[in-house]
Amino acid sequence: MTKEFDLATLLAERGAERYELHARHLNHQLPRMLHTIGFDKVYERAEGAHFWDADGNDYLDMLAGFAVMGLGRHHPVVRKALHDVLDASLPDLTRFDCAPLPGLLAEKLLSYSPHLDRVFFGNSGTEAVETALKFARYATGRQRILYCSHAFHGLTTGSLSVNGEDGFRKGFAPLLPDTAVPLGDLDVLARELKKGDVAALIVEPVQGKGVHEAPPGYLRAAQELLHRHKALLIADEVQTGLGRTGKFYAYQHDDGVEPDLVCVAKALSGGYVPVGATLGKDWIFQKVYSSMDRVQVHSASFGSNAQAMAAGLAVLSVMENEEIVANAAAVGERLKSRLAELVDRYELLADVRGRGLMIGIEFGRPSSLKLRTRWTMLQTARKGLFAQMVVVPLLQRHRILTQVSGDHLEVIKLIPPLIIDTDDADRFVDAFTEVMEDAHKGGGLMWDFGKTLVKQAVANR
């Protein structure tokens with residue numbers, strides 16, 4: 001007799017082995033890193049923008065699974081949609097029919113960007129980018145893609161070709177023909193376009209690494225340049241899309257911008273079922289799928305599956321009914337303005353920037369001798385250690401989960417669930433203020449941890 005599978009029992013029996021299992025069978029550096037910085041927590045439950053551990057302690061999530069959890073965890077509307085679609089026993093992924101849910105989700109997504117006409121559904125952000133790169137190259141008949149310095153568009157080979165971080169690219173060459181251009185520099189863009197071989201420029205309207213926003217007017221001017229040279233504009237909205245910056249798409253902050261291709265993912269999943277989508281103009285899709293012989297020239301095995309489509313439809317329904325975009329704009333403005341007030345108070349705090357609920361907090365070299373000496377010690381060992389010193393006490397003392405915004409950066413990035421309220425925002429600011437007070441007073445525990453990070457950085461060289 002076959003033993004019945006019981007997930008609850010399996011987790012009860014083996015859940016405590018989580019870090020050992022990862023160390024033995026998965027990326028062994030992950031548990032090592034988590035142990036080193038004291039992030040090796042055991043979370044038992046999550047809801048909305050909060051986690052709870054086994055002792056019932058509440059943690060505020062200001063990371064949202066790298067922006068996947070736009071609606072927080074376990075939103076009841078998304079949960080119900082997934083129960084409904086499973087209970088419906090749909091004939092999913094037959095491959096030789098046209099199921100209703102993909103069409104309905106595509107129709108809904110396109111309503112937020114009326115200048116676009118068609119959608120391809122994949123399974124992730126990097127797949128959405130890969131699709132856009134392929135479509136742009138085929139539609140224009142050109143190979144070279146331009147991307148912005150410090151960009152992050154994914155880690156599969158195509159999207160890695162337009163990734164601006166050398167640490168990710170190292171050792172994986174050769175990649176696709178590509179060229180980096182500075183974000184906001186129209187002269188460099190024009191120079192590259194004159195060579196006549198550029199298929200597209202791909203750009204994050206607000207870069208995830210460092211939280212740098214495209215200058216006002218840049219996207220529109222870039223679009224005009226690209227179109228003049230018969231090249232395309234690709235907007236990577238994988239992290240910024242679906243309300244993150246206080247508009248449905250971040251490119252909509254710049255009037256007149258109408259990208260030829262738009263990539264979305266992350267929050268569209270509702271935090272449950274991986275999904276990615278590439279939205280584009282009709283003529284591009286017409287070229288790629290130019291005949292019945294090419295009907296499968298680009299596809300994804302799990303793309304358009306019923307669970308992902310149901311989750312996406314539920315997410316968009318919640319965003320409208322609960323005014324999620326407006327909440328991101330309002331709470332984000334409160335959070336950013338309160339943090340910005342601290343810049344003049346703390347010499348280690350250099351800048352606060354961003355839009356909506358995508359905020360970067362940058363640290364910089366202090367002026368006083370004592371703090372400057374400690375800052376220099378950290379910078380000599382490895383740039384980015386001070387930001388890590390701030391992230392750790394936020395979690396350990398204040399139970400707030402955040403992240404450093406990229407390797408070797410003295411920037412913390414806040415990308416919380418879009419449902420956080422003013423109490424959550426104030427909780428973060430109050431905790432962050434305490435951490436900065438400790439740092440400026442030479443708080444022993446914080447700087448002692450800095451010494452530990454320095455030793456670890458030196459050991460890793």
Side-chain angles (χ1 to χ4, degrees), residues 27-41 59 62-63 66 149-150 152 163-170 207-212 339 342-343 345-354 358-415 428-429 431-461:
N27 180 350
H28 60 289
Q29 295 292 0
L30 176 61
R32 182 186 178 203
M33 179 271 288
L34 294 172
H35 290 318
T36 299
I37 65 174
F39 269 42
D40 49 347
K41 302 292 183 183
Y59 293 77
M62 297 294 284
L63 183 57
F66 299 141
S149 305
H150 309 299
F152 182 94
N163 190 312
E165 172 54 59
D166 289 339
F168 288 121
R169 297 166 65 99
K170 186 177 180 181
Q207 290 187 332
K209 182 176 180 179
V211 192
H212 293 289
L339 288 169
L342 304 178
V343 173
R345 189 189 309 179
Y346 299 113
E347 57 182 296
L348 282 161
L349 187 56
D351 189 27
V352 175
R353 56 180 175 267
M358 186 172 182
I359 296 172
I361 304 172
E362 183 171 5
F363 305 102
R365 187 172 184 265
S367 55
S368 62
L369 179 61
K370 183 177 181 180
L371 288 177
R372 192 167 68 246
T373 301
R374 291 178 167 182
W375 173 268
T376 302
M377 173 193 71
L378 294 174
Q379 296 293 297
T380 301
R382 193 176 194 276
K383 189 175 180 181
L385 290 187
F386 182 80
Q388 193 64 62
M389 281 174 52
V390 175
V391 163
V392 169
L394 282 172
L395 182 67
Q396 300 286 24
R397 299 183 199 170
H398 302 281
R399 299 196 301 275
I400 298 176
L401 181 63
T402 56
Q403 69 168 127
V404 175
S405 181
D407 203 18
H408 300 286
L409 286 184
E410 295 291 2
V411 181
I412 292 175
K413 179 168 63 176
L414 305 182
I415 44 173
F428 176 82
V429 175
F432 180 76
T433 303
E434 286 190 31
V435 172
M436 293 307 293
E437 281 287 338
D438 287 346
H440 284 76
K441 291 177 180 177
L445 289 176
M446 186 172 176
W447 290 101
D448 286 346
F449 179 71
K451 294 176 183 177
T452 301
L453 290 178
V454 167
K455 291 177 182 178
Q456 188 66 45
V458 172
N460 284 336
R461 285 178 175 172

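What's counted below: heavy atoms across the whole structure, side chains too, no hydrogens, waters or symmetry copies. All residue numbers refer to positions in the sequence shown, counting from 1. Source: prediction; values computed, not measured.
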Using modelled atom types only, decide if a donor and an acceptor are shared between the side chain of [X] and the backbone of [Y] within a distance under 3.5 Å.
X    : Y    : answer
K413 : I359 : no
R169 : N163 : yes
S405 : G210 : yes
Q396 : G38  : yes
Q403 : M62  : no
H398 : F432 : no
H150 : Q207 : no

How many angstroms lie between [atom1] in [X] and [atom2] in [Y], if you round to the nearest 0.5 Å?
X    : Y    : atom1 : atom2 : answer
I400 : L63  : CD1   : CG    : 12.5 Å
D351 : E410 : CG    : CD    : 14.0 Å
L339 : L349 : CG    : CG    : 8.0 Å
Q379 : R372 : CD    : CZ    : 13.5 Å
L409 : Q388 : CG    : CD    : 12.0 Å
T433 : D438 : OG1   : CG    : 11.0 Å

Please step through side chain to side chain contact (heavy atoms under 4.5 Å, CB included) for the pair L394 and V392, ending with a clear verdict. CA-CA 5 Å; L394 282 172; V392 169; over 6 Å; no
To check you understand the geometry: which heavy-atom pair defines the closest contact between V211 and G354, and what is its length?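 So the two residues come closest at CG1-CA, 4.0 Å.
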Might you point out which heavy atoms bring H440 and L348 nearest each other, and give the distance in Å?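 Looking at all heavy atoms of both residues, the shortest contact is NE2-N, 3.0 Å.
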Can V411 and V404 be said to form a side chain to side chain contact (heavy atoms under 4.5 Å, CB included), step by step? CA-CA 6 Å; V411 181; V404 175; over 6 Å; no
Using the ring of each side chain (for Trp, its six-membered ring), is W375 parallel, tilted or perpendicular to F386, with breaks at 30° and 60°?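 Answer is tilted, since the angle falls between 30° and 60°.
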When you compare the side chain of L395 with that of T402, does any pair of heavy atoms fall below 4.5 Å?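 No - every pair of side-chain heavy atoms lies 4.5 Å or more apart.
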Under 4.5 Å between any side-chain heavy atoms of E434 and E437, yes or no?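 No, too far: nothing below the 4.5 Å cut-off.
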Check E362 with R353, please: is the shortest side-chain N to carboxylate O separation under 4.0 Å?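 Yes, charged N to carboxylate O under 4.0 Å.
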More than 12 heavy atoms from other groups under 6.0 Å of CZ on F66: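 No, because the 6.0 Å sphere around CZ of F66 holds 12 heavy atoms or fewer from other groups.
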